[in-house]
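Note that the structure is a prediction, hence the values are computed from the model and not measured. We count residues from 1, following the sequence as given.
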Amino acid sequence: LGSAAEMETDMNIAVYCGSASGNRPSFTEGAKALGSWIAQNGHTLVYGGSRTGLMGATADAVLAGGGKVIGVIPDVKLIQERRHPGLTECIETKDMAERKQKMIELADAYVALPGGPGTLDEISEVICLARLGIENKACVLFDTDGYYQALKKIFEEMVEVGFSEKEDFKRVLVSADLDEIERFIEQ
């Protein structure tokens with residue numbers, strides 16, 4: 001058993017990202033760096049369970065660092081075919097909605113690596129939950145190569161035109177700096 005201080009910092013980090021790698025090697029490098037950080041800090045990865053793309057790169061890095069990986073996999077043939085063989089734990093859900101809910105239940109913090117519409121859907125939902133005070137967990141947009149700068153500008157525009165308050169985004173960080181991310185998550 002670790003000390004009380006160590007045990008408090010062990011978290012389940014939900015990572016939303018693509019089951020594709022994108023066309024920039026930096027996306028995969030960012031996923032590997034995040035996975036290594038999760039393992040080195042004794043955290044557990046909670047993710048969509050795929051062996052491919054940024055999902056696979058993140059999981060492989062966590063496992064290579066001796067960390068735990070929980071895959072949450074819906075009953076969707078395409079996703080089932082991509083299941084990572086090295087999962088520490090696999091939780092099967094009936095559909096995507098149940099998968100999202102299970103990941104939210106398990107997570108202590110959320111990180112979105114670059115990804116497509118599914119990634120955006122998942123991180124947007126937890127940002128909304130934080131905004132409404134339903135969840136009080138860190139929501140991080142891992143900004144590899146400025147991938148999330150356009151979304152950051154949209155958030156700023158939402159505030160500027162009166163659809164949101166600056167306070168609505170107090171639990172949201174856009175950064176690729178793991179030290180900054182660590183401090184933000186632990187606050």
Side-chain angles (χ1 to χ4, degrees), residues 1-22 27-116 118-123 125-126 129 135-142 144 173 176 178-179 181-186:
L1 281 175
S3 71
E6 287 174 328
M7 291 170 73
E8 285 176 4
T9 61
D10 294 349
M11 292 187 270
N12 285 347
I13 309 291
V15 176
Y16 303 122
C17 58
S19 60
S21 296
F27 294 155
T28 299
E29 292 308 310
K32 289 176 181 177
L34 179 64
S36 294
W37 174 85
I38 289 170
Q40 288 165 3
N41 285 281
H43 301 314
T44 297
L45 170 65
V46 176
Y47 84 121
S50 180
R51 70 178 181 276
T52 62
L54 298 186
M55 283 191 190
T58 306
D60 289 344
V62 172
L63 292 167
K68 294 180 191 161
V69 175
I70 299 172
V72 184
I73 304 177
D75 188 15
V76 174
K77 186 177 185 220
L78 179 65
I79 297 172
Q80 288 283 341
E81 290 171 351
R82 295 178 181 166
R83 178 190 306 231
H84 196 293
L87 299 174
T88 308
E89 181 180 348
C90 182
I91 298 170
E92 297 204 20
T93 63
K94 70 179 190 292
D95 55 29
M96 293 296 284
E98 188 178 303
R99 172 205 214 174
K100 286 190 337 182
Q101 186 56 44
K102 184 49 119 177
M103 288 180 69
I104 289 168
E105 286 172 23
L106 292 171
D108 296 308
Y110 311 99
V111 178
L113 288 166
T119 301
L120 191 56
D121 171 54
E122 291 167 321
I123 196 66
E125 181 170 349
V126 295
L129 293 173
E135 294 280 338
N136 188 28
K137 300 171 186 173
C139 303
V140 176
L141 297 156
F142 197 95
T144 305
L173 174 69
L178 283 168
D179 291 332
I181 290 168
E182 181 173 16
R183 286 190 303 274
F184 186 76
I185 288 175
E186 290 179 353

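N12 places a side-chain N or O within 3.5 Å of a backbone atom of L106 that can act as its donor or acceptor partner. Side chain of K137 to backbone of I104: a donor-acceptor contact under 3.5 angstrom is found. Not one N or O on the side chain of S19 forms a donor-acceptor pair closer than 3.5 Å with the backbone of T52. The closest donor-acceptor contact from the side chain of Q80 to the backbone of P74 lies under 3.5 Å. Counting only distance, with no hydrogens or angles, the side chain of R51 and the backbone of E81 share a donor-acceptor pair below 3.5 Å. Without hydrogens or angle criteria, D95 side chain to A97 main chain gives a donor-acceptor distance under 3.5 Å.
A salt bridge does not link E98 to K102: none of the charged side-chain nitrogens sits closer than 4.0 Å to a carboxylate oxygen.
Summarising the geometry of T28 relative to A57, their closest heavy-atom pair is CG2-CB, 4.0 Å, with the distance given to 0.1 Å. Nearest heavy-atom pair across A31 and T58 is CB-OG1, 3.3 Å. Heavy atoms only, all atoms of each residue included: P114 and F27 are closest at CG-CD2, 3.6 Å. Nearest heavy-atom pair across N41 and D10 is O-OD1, 3.9 Å.
A 4.5 Å side-chain heavy-atom check between L113 and T119 finds every atom pair outside the cut-off. In this structure, the side chains of D75 and E92 stay at 4.5 Å or more apart for every pair of heavy atoms.
Between Y16 and the choices M55, E125, M103, K100, the side chain to side chain contact (heavy atoms under 4.5 Å, CB included) rule is met once, by M103.
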